[in-house]
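Have a look at the structure below, then the notes.
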2 protein chains.
Amino acid sequence: MGQTVATIDDVAKKAGVSKGTVSSVFSKKRPISRQVTERVLEVAKDLGYFPNHVARSLAIKKTMIAGLKMPISKDSNMSGFEIQMINGVMKECSKNGYRLLLDTLPEHDDPTQFSIDPVDGVIMLNPRKQDPRIERYKQMGIPLVLVGRPDPEDETVCYVDNNNRDLGFKVGEYLLGIGHRDILFLNAASDMTVAYDRENGLAGSFAAQGIPYGSVQVLNYSRKMHYNAAEYGYRSIMETFGKKHYTAVIADTDRVALGVLRAARELNIDVPVRLSVIALSNDATVAQETTPKLTSVDQSAEILGAEAAKILIEKMNDSSIVHQRVIDAKLVIRESCSHLS
Amino acid sequence: MGQTVATIDDVAKKAGVSKGTVSSVFSKKRPISRQVTERVLEVAKDLGYFPNHVARSLAIKKTMIAGLKMPISKDSNMSGFEIQMINGVMKECSKNGYRLLLDTLPEHDDPTQFSIDPVDGVIMLNPRKQDPRIERYKQMGIPLVLVGRPDPEDETVCYVDNNNRDLGFKVGEYLLGIGHRDILFLNAASDMTVAYDRENGLAGSFAAQGIPYGSVQVLNYSRKMHYNAAEYGYRSIMETFGKKHYTAVIADTDRVALGVLRAARELNIDVPVRLSVIALSNDATVAQETTPKLTSVDQSAEILGAEAAKILIEKMNDSSIVHQRVIDAKLVIRESCSHLS
DNA sequence: AGATTTCATTAAACCGGTTTAACAAAGGTC
DNA sequence: GACCTTTGTTAAACCGGTTTAATGAAATCT
């Protein structure tokens, strides 16, 4: 019973072979005779020896770990979007033998504290404007894929992104098509580029049909509201219905839509007859279980994550490649919207 | 522009100091004069040097990474339970400066492929019966905390677990208290110990009041059903209502309950008047957004995860400690159950 | 049988850091 | 001025693996 963990040297000594031989037995990278192999494995089992991943990584400069950099706030939980994205990343990594290092730690202020992480590549969520980390990863020689567009645009960096403008456009096009003009848009926080892009797309759909955009009212979620997404949807309706005039609501996420539906029930507003609700969905499973089922524009965070992982895995094998993929949204008509008569 | 990444030796040479000095400048573990510090940092910046986490880990035998071992199936997504649990683990780790290595890779069959992972400790989800990994981690000297009870019981291993028996008991006690006898229990898959424990608790509540258990009908989810949890709830009701007689439904998760509610709406069954629904909830945010709001027994997967992480962090500092925490469920009465008249 | 190739093994260098022990120079005490 | 600390620095050993170049033995070819 060693207090201490057995190392390759212990095994080599006890088996009467060199450490190189033991290494070869475990890595199978070089042929080793049957007898020696058996003796080494026997001794290793005896000693409870297992190769040390860190030491191996240092030597071969490879960890088979992908990093996922994703800030979280202390109080609130992961959003549906983040969860689904992780899901996609995870599955793709798992499929290719990679594990995932979830790094939710806040950025260091002290530059001496940065270090080259034990990963072969990194997926970074929501890059900030002029994000200094992009350059840093380049210096470190670590492949990087962003989820979200870099700002300023950069031809040399890989990213995947939802086409949020398209998302907004499709929603607008649909709602206009079924006669709605007065629309309440419960958008994401205004400092997020997604919020900007979506509203931009929505406005674009109005412009495309020559309809004045003034009848759209936009609210923005704010982290300062200390309640969750569903509550945001609920309160927004409770506080505005009757005061403001709208016949359709665009909810930023499925959760927000859930809150909207609850408020509607409480106020006895018949959805979709009196009020149409459309969700910018990132989790299709929720949208299908409501009553009425949510009409939504799916942006599949899972596909986004999987796509990011695929690109990263490709890039880890050939660091010269650059892929930038923008994924269009898909309108799924269910039951929560109706033609304005 | 070196094709290669700068190392501590490069910095030492260019700054005209020893590598030990450079090390001290970055680790701040030993005093270094102002002038030297500045010169070294200057050179490091020039060269784009960042300390290598892997090399450092090897030397100090510490990674500041916690492992989370969690199998996933290729096709299905993480369950709400898993998501919430990860959430809890993540927050707790983040708070203490740890990152999280999500290991969803299937177990290796080849024993030479095991290795001591680059983690300071591991949280393992759903240990199997006689799980060999428990012993292996012990040999590796890696602190381990289970989520779920080890089988066979083991005094020396840390774990956290829901008190699933208590969960079942509380549900039964409540439903019996409001007059229900004929109950449909949509339970988890029958090969999971949680399913057994819950039914055991439910039966216990009947026994405690001397009521025959025969009026309870139990269904079990099966992975062979190729549909999700919500669909399980939906179909179960659609297929049995009218054929079997029950006045209350116990749903294994929030998602299942969602499906039950949808079926009820479709069949025009008034919940809670004609049918009471109670959920074994692992995600309180869903339960609050349904109509009617779900009465549930909360088992907060998030708290479970956080608790596991807390214990692990404690154990990583003092490996001798052993904590086993069983967390009782909490009945939250909302709107989906009513007294049987 | 001798020359040549193949195969298994090893010693030593290497990966990129940290840490120990030794030491020189500067500062403090009497 | 001799003696003791303190401070800053370094060379070398170390963490636990992989890999290269060298070597000796066995197998194959003339």
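These numbers come from the heavy atoms of this one structure, side chains and all, not from hydrogens, waters or symmetry mates. Numbers restart at 1 for each chain; the letters A, B, ... are given by sequence-line order, proteins then strands.
- Side-chain atoms of B:Lys19 and base atoms of C:dG17 include a donor and an acceptor less than 3.5 Å apart.
- Here D:dG17 presents its C1' atom at 13 Å from CG of A:Asp10, a figure rounded to the nearest Å.
- Using a 4.0 Å cut-off, some side-chain N or O of A:Thr21 falls inside it from OP1 or OP2 of C:dT10.
- By the salt bridge (Lys or Arg N to Asp or Glu O under 4.0 Å) test, A:Lys29 pairs with no residue at all, sequence neighbours left out.
- Between the side chain of B:Asp10 and the backbone N or O of B:Thr7, at least one donor-acceptor pair lies under 3.5 Å.
- For the residue pair B:Thr21 and B:Ser18, a side-chain donor N or O sits within less than 3.5 Å of a side-chain acceptor on the partner.
- Side-chain contact of B:Glu307 with B:Tyr159: a donor-acceptor pair under 3.5 Å is absent, judged by distance alone.
- Contacts of residues 42-61 of chain A with DNA chain D (heavy atom under 4.0 Å): A:Tyr49, A:Phe50, A:Pro51, A:Asn52, A:Ala55, A:Arg56, A:Leu58, A:Ala59, A:Ile60.
- Among the heavy atoms of the strands, none lies under 4.0 Å from A:Val22.
- Here B:Ser23 lies in heavy-atom contact (under 4.0 Å) with a base.
- Taking atom CD1 of residue A:Ile116 and atom P of nucleotide C:dC15, one finds them 14 Å apart after rounding to whole Å.
- When the side-chain nitrogen and oxygen atoms of B:Ser24 are compared with OP1 and OP2 of D:dT9, none of them lie within a distance under 4.0 Å.
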Where do N or O atoms of nucleotides 20-27 of chain C meet protein N or O atoms at under 3.5 Å, pair by pair?
none

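- Separating the CG atom of A:Asp9 from the P atom of D:dT18 is a distance of 12 Å, rounded to the nearest angstrom.
- The distance from atom NZ of A:Lys13 to atom C1' of D:dG16 is 14 Å, rounded to the nearest whole Å.
- Between A:Ser27 and the phosphate of D:dG17, there is no side-chain N or O to OP1/OP2 separation shorter than 4.0 Å.
- Atom NZ of B:Lys62 is separated from atom P of D:dG16 by 16 Å (rounded to the nearest Å).
- Counting non-hydrogen atoms under 4.0 angstrom, A:Thr7 reaches the backbone sugars and phosphates but no base.
- The ring-ring contact (aromatic ring centres under 6.0 Å, His included) test applied to B:Tyr49 returns B:Phe26, not counting sequence neighbours.
- The nearest whole Å value for the distance from the CE atom in A:Met140 to the P atom in C:dG16 is 15 Å.
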#### Entry: Nucleotide-level pairing of DNA chain D, given in dot-bracket where Watson-Crick and G-U pairs need both distances under 3.5 Å and | marks other strands
||||||||||||||||||||||||||||||
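- One atom, CE of A:Met64, and another, C1' of D:dT18, lie 17 Å apart when rounded to the nearest Å.
- The separation between B:Phe26 atom CZ and C:dT19 atom P is 16 Å, rounded to whole Å.
- By the neighbour-count criterion of 12 heavy atoms within 6.0 Å, atom CD1 of A:Ile303 is sparsely surrounded, having that number or fewer from other residues, nucleotides or ligands.
- Contact check on B:Glu92 versus B:Lys95 returns a salt bridge, with a Lys/Arg side-chain nitrogen under 4.0 Å from an Asp/Glu carboxylate oxygen.
- Using a cut-off of 4.0 Å between Lys/Arg side-chain N and Asp/Glu carboxylate O, A:Glu314 and A:Lys310 are scored as not salt-bridged.
- Note that A:Arg136 lies in the cation-pi zone of A:Phe114, set by a 6.0 Å cut-off to the ring centre and a 45° limit from the axis.
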Would you give me the side-chain donor-acceptor pairs under 3.5 Å for residues 141-151 of chain B, sequence neighbours excluded?
residue: B:Arg149; atom: NH1; partner: B:Asp161; partner atom: OD2; Å: 3.0
residue: B:Arg149; atom: NH2; partner: B:Asp197; partner atom: OD2; Å: 3.2

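- Using a 4.0 Å cut-off between a side-chain N of Lys or Arg and a carboxylate O of Asp or Glu, B:Asp120 and B:Lys61 do not qualify as a salt bridge.
- Within a 6.0 Å radius of NZ in B:Lys28, other residues, nucleotides and ligands contribute more than 12 heavy atoms.
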